[in-house]
Q: 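Supplied in structure tokens, the structure appears directly below.
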There are 2 protein chains.
Amino acid sequence: MSVQPENANTYGKGICPKDVLTLADCPSRLLLDQIADKWSVLVLAVLKEGPLRFNMIKRRLEGITQKALTQTLRRLERNGIVSRHVIPVSPIAVEYQVTALGKSLDQPFRALYEWTFLHLPEVERARQAFDERHSG
Amino acid sequence: MSVQPENANTYGKGICPKDVLTLADCPSRLLLDQIADKWSVLVLAVLKEGPLRFNMIKRRLEGITQKALTQTLRRLERNGIVSRHVIPVSPIAVEYQVTALGKSLDQPFRALYEWTFLHLPEVERARQAFDERHSG
DNA sequence: CGGTATCCAGCTTGATACTG
DNA sequence: CAGTATCAAGCTGGATACCG
């Protein structure tokens with residue numbers, strides 16, 4: 001997210017020029033807004049196994065609508081994360097696959113997943129404690 | 001996101017029991033839904049510098065409303081990412097700070113930030129190319 | 001100071017229908 | 001098959017007012 005490498009830090013201890021942070025300041029939003037939405041993560045998980053056609057992706061993703069899948073794929077394609085190949089047969093076939101850029105996301109995503117996996121119990125405890133505090 | 005360590009993989013090459021993925025299957029959403037929203041990232045960036053009181057955070061975050069900040073802080077608190085301390089003076093003072101759990105998020109976030117930083121030009125090229133394809 | 005309550009506009013979402 | 005079009009419903013987010 002807006003975590004910066006120590007030496008490229010434009011935020012930090014009040015040394016940001018304006019002394020305030022704006023949404024636009026945060027380069028990570030470039031990624032998060034586009035990738036961390038409801039479906040992108042799962043689409044990528046499915047496509048990681050190999051190229052798939054539209055309806056094949058749809059079948060592997062329980063509950064996604066045609067519209068949502070189209071939107072998700074378009075956004076991923078626009079950001080260079082997946083590529084789209086039209087195969088001119090009849091009826092038409094369209095194949096999607098993860099690009100090299102998309103594959104390079106695997107390492108950071110894995111780090112995030114591992115954090116979640118490791119700290120899930122702690123997060124759940126925190127939620128329980130909070131919910132109890134705010135009911136009793 | 002839904003990237004799994006190789007050996008804990010419940011998705012993978014069609015070996016998922018149901019052979020379909022549901023939103024609930026993806027443990028990463030636990031984190032992403034709650035942290036990757038519009039403001040959480042920036043709130044954490046500000047709080048990383050040290051504990052701050054409500055209105056001090058608000059002043060450092062250009063454009064955030066009182067309501068949005070309250071909601072963001074509550075969600076972060078519920079997930080154990082920040083903690084809230086009421087200082088019983090008059091008028092009342094409330095201090096927020098990042099917890100140990102919250103601090104442990106720094107590494108995965110840094111990985112993500114570094115990816116963004118490194119691949120920004122490529123993403124921007126992809127967007128330009130896409131936008132040209134879809135206008136001409 | 002640090003909130004909560006209320007109201008309302010706008011964006012997103014899903015269901016449905018239609019098309020090359 | 002792989003979409004686009006359309007429309008209603010719902011949730012989110014901002015503005016405003018008030019409270020302990």
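In what follows, every chain begins at residue 1, and chains take the letters A, B, ... in the order their sequences are listed.
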Q: Between P on dG14(C) and CG on Asp37(A), what's the gap in Å once rounded to a whole number?
A: 11 Å
Q: The side chain of Tyr96(B) is closest to which nucleotide in this list: dG3(C), dC1(C), dA2(D)?
A: dG3(C)
Q: I'd like to know if Arg59(A) pairs up with Asp19(B) as an ion pair, taking the criterion as any Lys NZ or Arg NE/NH1/NH2 lying under 4.0 Å from an Asp or Glu carboxylate oxygen.
A: no
Q: Does a side-chain N or O from Arg53(B) land closer than 4.0 Å to OP1 or OP2 of dC1(C), or not?
A: no
Q: Applying the side chain to side chain contact (heavy atoms under 4.5 Å, CB included) test to Ile57(B), which of Leu73(B), Leu42(B), Thr72(B) qualifies?
A: Leu73(B)
Q: Lys38(A) near the nucleic acid: base, sugar-phosphate alone, or nothing, with a heavy-atom cut-off under 4.0 Å?
A: sugar-phosphate
Q: Can Arg127(A) and Asp131(A) be said to form a salt bridge (Lys or Arg N to Asp or Glu O under 4.0 Å), step by step?
A: CA-CA 6 Å; Arg127(A) 286 181 184 174; Asp131(A) 291 346; over 6 Å; no
Q: Should Leu118(B) and Leu112(B) be counted in the same cluster of Ile, Leu, Val, Met, Phe, Trp and Tyr side chains packed under 4.5 Å apart?
A: no
Q: Could I get a table of every N or O pair under 3.5 Å where one atom is in the protein and the other is in nucleotides 8-12 of chain C?
A:
none

Q: For DNA chain D, which residues of residues 64-86 of chain A approach it to below 4.0 angstrom with any heavy atom?
A: Gln66(A), Lys67(A), Thr70(A), Arg74(A), Arg84(A)
Q: For the hydrophobic clusters of this structure (ILVMFWY residues joined by side-chain heavy atoms under 4.5 Å, transitively), does one cluster hold both Trp39(A) and Leu30(B)?
A: yes
Q: Among dA2(D), dG3(C), dC1(C), which is the nearest nucleotide to the side chain of Ile92(B)?
A: dC1(C)
